[in-house]
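These notes concern the structure reproduced below.
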Amino acid sequence: TNDIVQFDIQHDANEVLPYLINMNLLERCNAPEAINPDIIKIAKYKNQFEQIADAHFSKIGAIKVHTPTLGRYKGTSNIDPYETQNKKGKTLYLKFTHDLLLRSVLADVLVPVYEIGNVFRNMGISYKYATEYTMLESHIPYQDLQYGINFAQTILQDFAHSIGKNDFDNLPVKTLQQSFSEFGKDLTSMPDSEQVDFYKDKIKPSGTFISVYQPAIASPLAKIDPETNLGLDAEVVYNGKGIAHISRQYACWLP
């Protein structure tokens, strides 16, 4: 929410410490008050969100899992993963998503599965991306896209209510065609790459809403609608930032 402290990370991660700690006070005494109260608030919010998410997934009989952080395969994404080596010289990669391993678990159990844990992106530090952050991902079989949208919105609503907010109540739901029309653009006349750029630069920063259907080029894991060539997925946009992604996928069976 807007009252969470914002950091302008422009330097090495080690230089962020002064933003987290009141250094002047720390020089005088090693007291608990030296800790920035906003950091305590963020930690409490994070814990509260995870408890709410756990409760909702428990209601649908989901299994919470913890998949390996180190993997043998780097994946096919253009996100260059961190890599390391074991004592035998075998290259291992830090995961940048829970999704791939969750699919393997889903193929074994065929009930909803989810994971809350850290992922790593080797993309540098900016106000858009942290190199390590916590992410929730899930797979819920036998359900459609609308179910996923409602499920994600309910979790976000309950979390907002728990901290006295109503930011996610009655979010407007817009198809990509409707969003482009509001800006006087014809979606069908634009190539995929231009659709993606316009969505990121104009539509996404325009507020808080749920955007349904995405350009196929931006939906590599989603099922594609053959009539519109759009991905059957949705994104929850909050204050111009995407905070949740829901997609309908093809059946996936892994050995």
Side-chain angles (χ1 to χ4, degrees), residues 1-9 12-14 16-17 19-21 35-60 62-71 74-75 77 79-84 92-106 112-140 148 151-163 165 167-168 208 221 233-247:
T1 58
N2 289 331
D3 59 340
I4 292 182
V5 65
Q6 301 291 321
F7 298 111
D8 184 16
I9 303 176
D12 185 86
N14 293 327
V16 179
L17 180 63
Y19 293 92
L20 308 183
I21 306 296
I35 303 299
N36 188 326
D38 287 326
I39 302 303
I40 299 176
K41 182 188 296 184
I42 291 174
K44 289 181 177 179
Y45 282 175
K46 179 180 176 182
N47 184 65
Q48 199 164 340
F49 177 83
E50 291 188 13
Q51 289 180 352
I52 291 171
D54 285 338
H56 280 282
F57 278 104
S58 179
K59 288 179 182 178
I60 64 172
I63 299 174
K64 187 176 185 178
V65 299
H66 297 284
T67 58
T69 300
L70 289 173
K74 66 185 301 183
S77 173
I79 299 175
D80 188 25
Y82 287 102
E83 61 181 69
T84 185
L92 299 170
Y93 302 94
L94 287 174
K95 65 178 177 181
F96 55 85
T97 177
H98 307 305
D99 177 74
L100 302 178
L101 291 171
L102 277 178
R103 289 168 181 257
S104 297
V105 178
L106 178 67
V113 293
Y114 74 106
E115 179 170 8
I116 302 175
N118 285 12
V119 294
F120 308 85
R121 294 197 176 186
N122 191 12
M123 301 173 67
I125 298 176
S126 74
Y127 70 95
K128 289 185 177 180
Y129 291 106
T131 55
E132 177 181 0
Y133 58 93
T134 305
M135 183 161 62
L136 184 160
E137 290 191 74
S138 67
H139 282 293
I140 304 176
F151 189 73
Q153 188 174 7
T154 300
I155 293 177
L156 293 170
Q157 283 177 344
D158 284 0
F159 169 68
H161 293 168
S162 73
I163 59 174
K165 305 286 184 177
D167 301 52
F168 299 101
T208 299
L221 298 178
D233 56 356
E235 184 175 35
V236 180
V237 179
Y238 177 73
N239 281 349
K241 297 179 176 64
I243 62 171
H245 181 255
I246 308 103
S247 67

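Positions are given from 1, in the same order as the sequence printed here. All values derive from a computational prediction rather than experimental measurement.
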(message) Using the rule given for side chain to side chain contact (heavy atoms under 4.5 Å, CB included), can you reason through Thr69 versus Leu94, listing the C-alpha separation, both sets of side-chain angles and the distance that settles it, and then say yes or no?
(response) CA-CA 6 Å; Thr69 300; Leu94 287 174; 3.7 Å; yes
(message) Can a donor-acceptor pair be found, under 3.5 Å and without considering hydrogens, that links the side chain of Gln153 to the backbone of Phe168?
(response) yes
(request) Without swapping roles, check the side chain of His139 against the backbone of Pro112 for a donor-acceptor pair under 3.5 Å. (result)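 Side chain of His139 to backbone of Pro112: no pair is present.
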(message) Surrounding NZ of Lys64 (heavy atoms of other residues, nucleotides or ligands, distance under 6.0 Å), is the total greater than 12?
(response) yes
(message) Does Tyr82 form a side chain to side chain contact (heavy atoms under 4.5 Å, CB included) with Thr131? I'd like the steps, not just the answer.
(response) CA-CA 10 Å; Tyr82 287 102; Thr131 55; 3.4 Å; yes
What is the distance from atom [atom1] of [X] to atom [atom2] of [Y], rounded to the nearest 0.5 Å?
| X | Y | atom1 | atom2 | answer |
| --- | --- | --- | --- | --- |
| Asp99 | His245 | CG | NE2 | 10.5 Å |
| Thr97 | Glu115 | OG1 | CD | 9.0 Å |
| Leu106 | Ser138 | CG | OG | 10.0 Å |
| Leu156 | His161 | CG | NE2 | 10.5 Å |
| Leu70 | Glu83 | CG | CD | 11.5 Å |
| Leu100 | Glu137 | CG | CD | 8.5 Å |

Under a 4.5 Å cut-off applied to non-hydrogen side-chain atoms, are [X] and [Y] in contact?
| X | Y | value |
| --- | --- | --- |
| Phe49 | Ile155 | yes |
| Val105 | Ile63 | no |
| Tyr45 | Asn47 | no |
| Val237 | Ile243 | no |
| Tyr93 | Thr84 | no |
| Thr134 | Ile116 | yes |
| Ser58 | His56 | no |
| Asp167 | Thr208 | no |

(message) Ring centroids only, cut at 6.0 angstrom: are Phe120 and Tyr133 within range, meaning strictly under it?
(response)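 Phe120 vs Tyr133: aromatic centres not under 6.0 Å.
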Where do [X] and [Y] come nearest, in terms of heavy atoms and distance?
| X | Y | result |
| --- | --- | --- |
| Ile60 | Phe151 | CD1-CZ, 3.9 Å |
| Gly242 | Glu235 | CA-OE2, 3.4 Å |
| Lys95 | Thr67 | NZ-OG1, 2.8 Å |
| Gln48 | Ser162 | NE2-OG, 2.9 Å |

